[in-house]
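Worksheet: one structure, shown below.
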Amino acid sequence: MFADNWKISLRQIRRLFIMDIFGMSSLMLPGILSSMSGADGIFCLILGMAGGALLLCLMGANLRYIEKDFYSYMKETAGQLLGDIFMVFYFLYFVTLCGYVLYELTALVLTWLLPDGSWLGISLILLLLGMYGSARGIEGRARVYEIIFWFLGIPLLIMLALAVSDVKTAYFTPLVASDLASFSQGSLAVLIFLLPLTALMFLKPFCRKPEKLVSCGKMAMVVVIILNIVIYLILLGVFGRNTMGILSRPVITLMGMVNLPGGFFTRQDVLMTAVWFFALFALLNTGIFQGTLVLKELCQMTRNRFSLWVVAVIVLLIGKGFFEYSFLTEVFEIYQIWVALPGMFLILLLLLFLHWMKAERKIQKGGTGGCGN
């Protein structure tokens, strides 16, 4: 039986966020960075991590002032109207991200596991499983992924170690050959894949040691970036910049090329797909959980059931839209760059500024009252 105190440990949170961020970033970033900057993609990963550290610092500065939950803090600091607008922003971010993850996860299953399957059937099954995980609560998800974390991580590390023998270091050149625009675009791409870390702002009521949430997020981010750097260097050394740029999921392609000792298993790419399946499913589950939580608080509902079904329907429609209309992936990219990314920073900065203004007014009133008395 799962515990029923609605509290999870920092270790569980860290592993959840490693799974959340690693899956999508390791699948997509290698192709994006290689087409933009070649070998300089490793510097984009480092610069993107610096941006993620800045975002986490802003989150930590706000978390110090949260007494109950993030929504209450926003209402008290910015007022009811702005607080609701900010919550709508977060809701749209989580449901659109969740819809895109559903699309990518279903495509992964159709490509590597069930090529003759139905897109709608697979999506519905995945969505229902995600809803079940969210209905079980954050403790249920945390405990499940704590169990499978090393079952997925150890085979991945073994496969990456075996792939090192095929690396050609000549492909690592030229270095520092990209222009400023390529560096900036690549770094922003990395930072966009780190935005799910903002879910930390909503986890304070669920964490046993909320004062260490930010350090937990930083550790998860560093682990994911290091893994991505290792994967990127191996992929670059095996495929080269041009080939890696045209592969849809180069890291899974690499898994199919690794020669296992003894040659006893020839389709290890199918087995290793489980790593990214569970990682993407973890992010899907997080998106459903966060979207349900935000909608429940925004609409002041007492139970999760209605908001859970609303989120599920919206996510399914968004995922179906990505599947049927390819141009929506470009729209999603534009939304991430011009709306989601700056919005995450601006909301946290504005909340800090408004909190500082309110604190200053209280000090001034207190000083005036003292003089009058």
Side-chain angles (χ1 to χ4, degrees), residues 15 18-19 21-49 104 107-109 111-113 115 148-178 182-183 186 189-190 193 219-280 282:
R15 291 181 179 180
I18 289 174
M19 297 286 287
I21 304 170
F22 172 75
M24 188 68 76
S25 62
S26 59
L27 269 184
M28 303 186 67
L29 273 178
I32 294 172
L33 295 180
S34 63
S35 61
M36 286 182 178
S37 54
D40 294 334
I42 57 173
F43 302 118
C44 294
L45 284 163
I46 295 171
L47 289 173
M49 182 176 65
E104 286 289 341
L108 182 72
V109 173
T111 303
W112 298 95
L113 300 177
I148 68 173
F149 181 82
W150 290 111
F151 284 97
L152 301 178
I154 292 174
L156 173 64
L157 294 176
I158 293 173
M159 295 295 284
L160 291 176
L162 293 173
V164 171
S165 60
D166 296 325
V167 170
K168 298 179 178 64
T169 54
Y171 289 159
F172 293 165
T173 58
L175 277 175
V176 198
S178 303
S182 298
F183 271 119
V190 175
F193 283 93
M219 180 61 71
M221 179 183 67
V222 169
V223 170
V224 169
I225 292 296
I226 290 174
L227 283 173
N228 271 290
I229 289 175
V230 171
I231 289 172
Y232 190 78
L233 288 173
I234 292 174
L235 290 172
L236 187 65
V238 172
F239 295 118
R241 172 179 180 173
N242 294 332
T243 302
M244 186 163 61
I246 62 175
L247 293 173
S248 59
R249 296 174 183 86
V251 68
I252 296 184
T253 302
L254 175 70
M255 295 295 102
M257 297 171 56
V258 175
N259 294 318
L260 292 175
F264 62 90
F265 193 65
T266 58
R267 287 303 309 276
Q268 63 267 20
D269 57 327
V270 176
L271 176 64
M272 293 305 296
T273 300
V275 174
W276 284 272
F277 174 85
F278 282 107
L280 289 178

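Atom CE of M219 has 12 or fewer neighbouring heavy atoms from other residues, nucleotides or ligands inside a 6.0 Å radius.
Counting only heavy atoms from C-beta outward, the side chains of L233 and V167 never approach each other to under 4.5 Å. Residues W276 and E104 fail the side-chain proximity criterion, which asks for heavy atoms closer than 4.5 Å. Under the 4.5 Å side-chain criterion, counting only non-hydrogen atoms from C-beta, L29 is not in contact with I231. A heavy-atom distance below 4.5 Å is found between the side chains of W150 and R15. Considering only heavy atoms from C-beta on, F239 stays 4.5 Å or farther from I246 through its side chain.
In plain terms, the two heavy atoms of A39 and P174 that are nearest each other are CB-O, 3.8 Å. Across all non-hydrogen atoms, the minimal contact from S182 to S178 is CB-CB, 3.9 Å. Nearest approach of M19 to A282, heavy atoms of both residues: CB-CB, 4.0 Å. In this structure, Y171 and V238 approach most closely via the heavy-atom pair CE1-O, 3.9 Å. Of all heavy-atom pairs between M49 and V190, the closest is N-CG1, 4.4 Å. Contact detail for F278 and L152: the closest heavy-atom pair is CB-CD1, 3.5 Å.
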Show your reasoning for whether side chain to side chain contact (heavy atoms under 4.5 Å, CB included) applies to L33 and F43.
CA-CA 10 Å; L33 295 180; F43 302 118; over 6 Å; no
Given side chain to side chain contact (heavy atoms under 4.5 Å, CB included), test L108 with T273 step by step and report yes or no.
CA-CA 8 Å; L108 182 72; T273 300; 3.9 Å; yes
Show, in sequence, the C-alpha distance, side-chain angles and deciding distance for F22 and V223, and conclude whether the side chain to side chain contact (heavy atoms under 4.5 Å, CB included) test is met.
CA-CA 9 Å; F22 172 75; V223 170; over 6 Å; no
Let me see the working for M244 and Y232 under side chain to side chain contact (heavy atoms under 4.5 Å, CB included), right down to the final yes or no.
CA-CA 10 Å; M244 186 163 61; Y232 190 78; 3.7 Å; yes
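Among residue pairs with one or both ends in residues 222-232, none qualify as salt bridge (Lys or Arg N to Asp or Glu O under 4.0 Å); sequence neighbours excluded.
Annotation: the span from D40 atom CG to L47 atom CG amounts to 10.5 Å, rounded to 0.5 Å. Distance CG/L27 to CZ/F193: 9.0 Å, rounded to 0.5 Å. The line from CG of L227 to CD1 of I18 is 8.0 Å long, rounded to the nearest 0.5 Å. To the nearest 0.5 Å, atoms OG (S37) and CD1 (I32) are separated by 11.0 Å. Separating the OG1 atom in T111 from the CD1 atom in I252 is a distance of 8.5 Å, to the nearest 0.5 Å. Once rounded to the nearest 0.5 Å, the distance linking CZ of R249 with CE of M28 reads 8.0 Å.
Judged purely by atom type and a 3.5 angstrom limit, T243 has no side-chain atom pairing as donor or acceptor with the backbone of G240.
Residues N228 and S26 have side chains that never bring a donor and an acceptor to within less than 3.5 angstrom of each other.
The side-chain contact (heavy atoms from CB on, under 4.5 Å) test with I234 is passed by exactly one of V251, V164, D166, I229: V164.
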